[in-house]
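Values below: all heavy atoms of this structure, side chains included; hydrogens, waters and symmetry mates excluded.
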Amino acid sequence: MSEMKKWPMLKFEIFTSIKPICIFYTILYSIVCITFILSYLANGNLDHSYTNAVELSSMIFLGIFGALGFIEDFKMLIQNGYPRKYIFIANILLFAVTACIMSLIDTLIGAFLHSISSDYFTMFSGLYGTNYSLLISWIWLYLVYFTICTISYMFAMFSNILGKRVWMFVAISIGLLVILVLPILVRFFIPTKILRNIITFAQSSFGFTSTGINLWNPICLFIIISVIVGITSFLTIRKTELK
């Protein structure tokens with residue numbers, strides 16, 4: 001496929017995403033503004049924030065966005081003669097651009113909200129504290145957003161391959177196993193030493209080490225997850241058929 005044909009596909013992906021992102025942010029931050037106004041009217045100040053970590057809403061949006069990146073666009077692009085390889089590349093670039101823009105917006109607005117209300121905290125500051133630069137906060141949030149997009153994109157492909165009913169059965173079964181079986185395994189069957197090592201490894205992976213916070217660990221973790229998920233998605237989309 002020529003370069004001239006690839007770029008219009010990427011432009012189409014990006015421009016069709018602008019409207020839902022704008023609508024999402026308009027609704028989200030309108031609600032945040034109303035919350036702050038009501039808080040001020042009730043308390044006479046903004047010292048007590050009742051809205052924190054609004055990035056959680058962005059994560060939910062991006063989870064849906066990543067899935068729709070496959071569900072909505074794959075059939076249309078295949079029918080218009082685009083190879084699976086370029087569809088995959090276009091979607092990964094779309095996720096990278098979208099995650100970059102949304103993480104930048106949420107980081108800057110989060111810093112502004114914290115400046116007018118010291119009780120407001122972002123997800124990053126809630127986890128790691130406020131003694132870090134906006135740059136490292138943005139990088140962390142960008143990788144989180146990008147990872148969410150790629151994972152939901154991969155799950156959408158699995159759903160297409162297995163069929164919605166089978167995928168729902170698998171997803172519900174896994175959820176029930178985690179909720180019902182895992183606690184029993186942890187409580188009665190996994191030795192305490194192994195469980196302690198698992199918890200320590202998980203904490204360290206997210207940056208909470210015995211010597212303090214190391215933000216390189218979660219950054220590397222999200223990069224590794226994104227690469228693994230990306231490779232899995234690429235291998236999957238090559239075999240994916242329209243349904």
Any side-chain heavy atom of Phe234 within less than 4.5 Å of one from Arg84?
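Of all side-chain heavy-atom pairs linking Arg84 with Phe234, none is under 4.5 Å.
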Looking at side-chain heavy atoms only, is the closest gap between Ser103 and Trp138 below 4.5 Å?
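Touching, per the 4.5 Å side-chain cut-off.
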Please check: side-chain N/O of [X] versus main-chain N/O of [Y], any donor-acceptor pairing under 3.5 Å?
X	Y	result
His114	Phe121	no
Ser125	Thr130	no
Ser204	Thr200	no

Is it the case that the side chains of Ser233 and Thr236 hold a donor-acceptor pair, with the cut-off being a distance below 3.5 Å and no angle test?
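Per modelled atom types, Thr236 and Ser233 side chains form no pair under 3.5 Å.
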For Leu38, the rest of its hydrophobic cluster, which grows through side-chain links under 4.5 angstrom
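Members alongside Leu38: Ile34.
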When rounded to the nearest 0.5 angstrom, what distance separates CZ in Phe65 from CZ in Phe95?
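Spacing of CZ (Phe65) from CZ (Phe95) equals 6.5 Å.
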Rounded distance (nearest 0.5 Å) linking atom OG1 of Thr107 with atom CZ of Phe112
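One gets 15.0 Å once the value is rounded to the nearest 0.5 Å.
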Show, in sequence, the C-alpha distance, side-chain angles and deciding distance for Phe201 and Asn197, and conclude whether the side-chain contact (heavy atoms from CB on, under 4.5 Å) test is met.
CA-CA 6 Å; Phe201 176 77; Asn197 290 336; over 6 Å; no
Return a table of donor-acceptor pairs under 3.5 angstrom between the side chains of residues 19-28 and protein atoms on other chains or two or more places apart.
{"residue": "Tyr25", "atom": "OH", "partner": "Met102", "partner atom": "O", "Å": "3.1"}
{"residue": "Tyr25", "atom": "OH", "partner": "Asp106", "partner atom": "OD1", "Å": "3.2"}
{"residue": "Tyr25", "atom": "OH", "partner": "Asp106", "partner atom": "OD2", "Å": "3.3"}
{"residue": "Thr26", "atom": "OG1", "partner": "Cys22", "partner atom": "O", "Å": "2.7"}

Evaluate the side-chain contact (heavy atoms from CB on, under 4.5 Å) criterion for residues Ile225 and Ile151: first the C-alpha distance (whole Å), next the side-chain angles of each, then the deciding distance (0.1 Å), finally the verdict.
CA-CA 9 Å; Ile225 292 174; Ile151 290 176; 4.1 Å; yes
Minimum heavy-atom separation for Ser226 to Phe146, with atom names?
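Between these two residues, the closest heavy atoms are OG-CD2, 3.6 Å.
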Would Leu221 and Ile136 show up in the same hydrophobic cluster when neighbours are defined by side-chain heavy atoms closer than 4.5 Å?
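Shared cluster, yes.
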Quick check, are the ring centers of Tyr128 and Phe208 under 6.0 angstrom apart?
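Yes, close enough.
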